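Keep in mind it's a predicted model, so treat the numbers as computed, not measured. Order of the sequence lines fixes the chain letters, A, B, ..., with proteins taken first and strands second; residue numbering starts at 1 for each chain.
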Amino acid sequence: MTINLKVWRQKNNADKGRLETYVVKDVSPDMSFLEMFDVLNERLITEGKEPIAFDHDCREGICGMCSMFINGRPHGPKQGITTCQLHMRSFNDGDTVVVEPWRAAAFPVIKDLVVNRSAFDRVISAGGFVSVNTGNAKDANNILIPKPDADDAFNAAACIGCGACVAACKNSSAMLFVSAKVSQFALLPQGQVERAERVEKMVAQMDEEGFGNCTNTGACEAECPKSISLENIARMNREYLSAKLLANKK
Amino acid sequence: MSKESFLESTIGRKMVMALTGLFLISFLVVHVSINACIFLNDGGKTFNVASHFMSHNPVIRVLEIGLFIGFILHIYMSVKLTMKNNKARPVKYQVVDGKANSKWYSRSMGILGSLLLLFLVVHLGNFWVPTKQAIFNGQQHNTFDSMKNIFSLDNWYFIAIYLLGVISLSYHLLHGFQSAFQSLGLNHRKYSPLIHQVGIWFSIIVPLLFALMPISMAFGIIR
């Protein structure tokens, strides 16, 4: 099949950037979307042109590295998958496909389709951790956790931090990401020590990074490759309110 | 900055939006209930008693001030939040497929709210200002009669503005009702489906009742 690609090319952060058209011929329907980019890049290299820079790592849908805003949606037209798990059989012969980087003030473009997602790392280091006792490792089942709580915590922890929620949100809000990271600890006994402190610091960092405000459109949940639930955002709102109300210090 | 004050935070501001929104929703319940008295079709007798109570009772007077504060806070916070949202994506996408992941009215709350504000200016000019003038000058004021005067087919543009107002209200509520609960953290597997259902019915029934008022008066069903 033949795909008419319109790809965002941007030399560096200072460059304005523009969409450029590439016709990719002999695309196999079994190729992944990223493999199609590999084929195109090989051609560009042999032609002596600059290949398209894009993020990718495990190509198994679990690392959260690949991005790409494909035809107006993060990770393309399919639900619950990352771009590396998107295959060309999801498109038709002769389709025009527009590919852009994640767009957010907090995710500056480094080059072409690669954006800097360090803002997420800074949100995590603000409070996304637990204190652990030194000494020998404890027996796995020493701390009892109700199965439903463990399931909810696990579902929140499934977040791979790819940034699709920010990319999909009309306000570039990072609430789904931050709420998943807050929830996975707030639900478990190990996360109780820093519980109030954590949510306050992570939300403050999120705001400082310049992400927008949540307006509950639900776009993040619909586009999340790991189907992280909006329930996490409500939980974070509760956690934040009680942390602010009950904090016994300035 | 490792922490920030509640009202500077995105979550704190959203909670102000939610609380003022729910307060304005409670006002809608009172407003639609009292206005629905015109459907008794008793020449506005019951309605005028109720509206006289609303415009003269001292407790309601105090609540009226609260209502204005509620509106101002709701609008002020929405402007604050929107300004930050606009800054959060300085370079826009070339292609966005919004309908694939969210409802158009959820993405258009600012536009719907602005339409509502424009409607509100006309609406206050039609009823609130003349009532206040009458009270100030110590004159009698018949709200039912002024309703009949304003909602005649000759004033078709008023009826059009009112219908546009209630349609905006309906879609604003369709998102806002359930969104307020989510912002306050009230998301529960047992109760949220109920909240969503109530929200949908509320956003249909209340605007529909409001819409029927100018229509039924213009066509002489209510005299």
Exercise. Taking the six-membered ring where the residue is Trp, are the ring centres of B/F39 and B/F47 under 6.0 Å apart?
Worked result: no
For this session: Would you kindly say whether B/R107 and B/S102 are connected by a side-chain donor-acceptor distance under 3.5 Å?
Result: yes
Exercise. Quick one: are the ring centres of B/F210 and B/Y162 less than 6.0 Å apart?
Worked result: no
Seminar exercise, completed: Looking only at B/N86, B/N85, B/D97, B/N187, most heavy-atom pairs under 4.5 Å shared with chain A are made by B/N85
Seminar exercise, completed: Whatever's closer than 4.5 Å to a heavy atom in chain B on A/P101 counts as backbone
Exercise. With only heavy atoms counted, which part of A/L19 is less than 4.5 Å from chain B, the side chain, the backbone, both or neither?
Worked result: side chain
Exercise. Which region of A/N71, side chain (C-beta onward) or backbone (N, CA, C, O), has a non-hydrogen atom less than 4.5 Å from a non-hydrogen atom of chain B, or is it both or neither?
Worked result: backbone
Seminar exercise, completed: Ranked by heavy-atom pairs below 4.5 Å to chain B, first place among A/M206, A/M175, A/E231 goes to A/E231
Problem set entry | Proximal component of A/A104, with respect to chain B [non-hydrogen, under 4.5 Å] | both
Exercise. Between the side chains of B/Q133 and B/W128, does any donor sit under 3.5 Å from an acceptor?
Worked result: no
Exercise. Which bit of B/K87 is near chain A, if near means a heavy-atom gap under 4.5 Å: side chain, backbone, both or neither?
Worked result: backbone
Exercise. Is the closest side-chain donor-acceptor distance between A/N116 and A/S118 under 3.5 Å?
Worked result: yes
For this session: For the residue pair A/E223 and B/N101, confirm or rule out a side-chain donor-acceptor distance under 3.5 Å.
Result: yes
Problem set entry | Ring-ring centroid check A/W8 A/F54, cutoff 6.0 Å | no
Problem set entry | Proximity of A/F37 and A/F33 rings by center, below 6.0 Å | yes
For this session: For each of A/Q79, A/E221, A/M236, A/R238, tally heavy-atom pairs with chain B at distances under 4.5 Å, and name the one with the top tally.
Result: A/R238
For this session: With a 4.5 angstrom heavy-atom cut-off, could you sort out which part of A/K244 is near chain B: side chain, backbone, both or neither?
Result: side chain
Exercise. Taking A/C214, A/A168, A/A106 one by one, which has the highest count of heavy-atom pairs under 4.5 Å against chain B?
Worked result: A/C214
Exercise. Under 6.0 Å between ring centres, would you say that holds for A/F177 and A/F211?
Worked result: no
For this session: Taking the six-membered ring for Trp and the full ring for Phe, Tyr or His, determine whether the centres of B/W104 and B/Y171 are under 6.0 Å apart.
Result: yes
Problem set entry | Most chain A-contacting option - heavy-atom pairs closer than 4.5 Å, from B/K14, B/K92, B/Q94 | B/Q94
Exercise. What part of B/M17 gets closer than 4.5 Å to chain A, counting heavy atoms only: side chain, backbone, both or neither?
Worked result: neither
Seminar exercise, completed: Pair count under 4.5 Å, heavy atoms only, with chain A: among B/K103, B/R13, B/M109, B/K84, highest is B/K84
Problem set entry | Most chain A-contacting option - heavy-atom pairs closer than 4.5 Å, from B/F181, B/Y93, B/F6, B/Y105 | B/Y93
Seminar exercise, completed: Answer key: most heavy-atom pairs under 4.5 Å with chain B among A/V98, A/T215, A/I233 is A/T215
Exercise. In terms of heavy-atom proximity below 4.5 Å to chain A, should B/S183 be classed as side chain, backbone, both, or neither?
Worked result: both
